[in-house]
Amino acid sequence: FQGKNLQIDNCTFQIGESPLKESENIDIKNSCFKYKYPLWYSKNITVESSVFETMARSGIWYTENIKVNDCTVKAPKLFRRCKRVSVQNLTLEDAKETLYFCEKVNLENIVVNNGDYFGMNSRSVKAKNIIINGNYCFDGGDNISVKDSIINSKDAFWNCENVYLENCKIDGEFFGWNSKNIYLKNCEISSHQ
């Protein structure tokens, strides 16, 4: 709790809530989180080649300036109310309610499975080479740019503003309801309406 300026390598965090809550300037590598709320209210965090097990749910909330790369993520609700988030080279196996109310997000080479409500109410999102399998993605989002991606989502991009989609394939029931300023370039959309 409240750890600062730490390098954590090859560690396992077992049952016990919030092991690194309110931490700052932490580099985590080759480690495993097995229980709830591991990184809440933290700042300047890097997580590489690590595992978030199923019970590490609601893992990263209210955190600023975090990078998560090359990890295995089995837990739902991973990011909420975070700022300056960078996620690369991973699969979110159970992404229900992940990336809620986040700001300044960069996603690259990501697979999102079971991702209902992925990215809800998030702002300033840049995504490249992502695959989303889950319904209602980016509902209520603002300033979203997605390139070279596949989105399999019922009711995608509802209630959004300022969405830019390039070289994307979108397959779902309904697209863009109640949204403003959606720009499509070289996209394929399969939708009922």
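If you read the sequence from its start, that first residue is 1, and numbering goes on from there.
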Heavy-atom neighbours of R84 CZ exceed 12 at 6.0 Å: yes

Test applied, ring-ring contact (aromatic ring centres under 6.0 Å, His included); reference residue, Y117; option that passes from Y136, F101, Y100: Y136

N114 and D94: CA distance, side-chain angles, deciding distance, side-chain hydrogen bond (donor to acceptor under 3.5 Å, both in side chains) verdict: CA-CA 5 Å; N114 205 13; D94 185 2; 3.0 Å; yes

Distance, nearest 0.5 Å, that separates CG of D139 from CG of N121: 6.5 Å

Side-chain ion pair, K43 and E24, N-O less than 4.0 Å: no

side-chain hydrogen bond (donor to acceptor under 3.5 Å, both in side chains) evaluation trace for N162 with N181: CA-CA 5 Å; N162 307 317; N181 301 325; 3.1 Å; yes

Side-chain heavy atoms of D155 within contact of N135, under 4.5 Å: no

Shortest non-hydrogen separation from L20 to S42 and the atoms involved: O-OG, 3.2 Å

Cluster overlap F52 with V111, hydrophobic side-chain contacts below 4.5 Å: no

Connected via hydrophobic side-chain network under 4.5 Å: L6 and V47: yes

Non-hydrogen atoms of L39 and T63 that approach each other most closely: O-OG1, 2.9 Å

Distance in Å, N143 CG paired with K104 NZ, rounded so as to fall on 0.5 Å steps: 11.0 Å

Aromatic plane relationship, F33 with F13 - under 30° parallel, 30 to 60° tilted, over 60° perpendicular: parallel

Min side-chain heavy-atom separation E53-C32 under 4.5 Å: yes

CD/Q7: more than 12 non-hydrogen atoms of other groups inside 6.0 Å: no

Distance-minimising heavy-atom pair for A95 and L92: CB-CB, 3.8 Å

Separation between CG of D116 and SG of C137, rounded to the nearest 0.5 Å: 10.0 Å

Minimal non-hydrogen separation, S31 against I8, with atom names: OG-CG2, 3.9 Å

Mutual orientation of the aromatic rings belonging to W40 and W61 [parallel < 30°, tilted 30-60°, perpendicular > 60°]: parallel

Short side-chain donor-acceptor distance under 3.5 Å, N30 and N10: no

Spacing of CZ belonging to F118 relative to CG belonging to L99, to within rounding of 0.5 Å: 5.0 Å

Qualifying residue for ring-ring contact (aromatic ring centres under 6.0 Å, His included) with Y62, from Y41, F79, Y37: Y41

Minimum heavy-atom distance C160-G140, with the two atoms named: SG-N, 4.0 Å

Interatomic distance, L90 atom CG to S50 atom OG [nearest 0.5 angstrom]: 11.0 Å

Donor + acceptor pair across side chains of D148, N129 (<3.5 Å): no

From NZ (K147) to CG (L165), nearest 0.5 Å: 11.0 Å

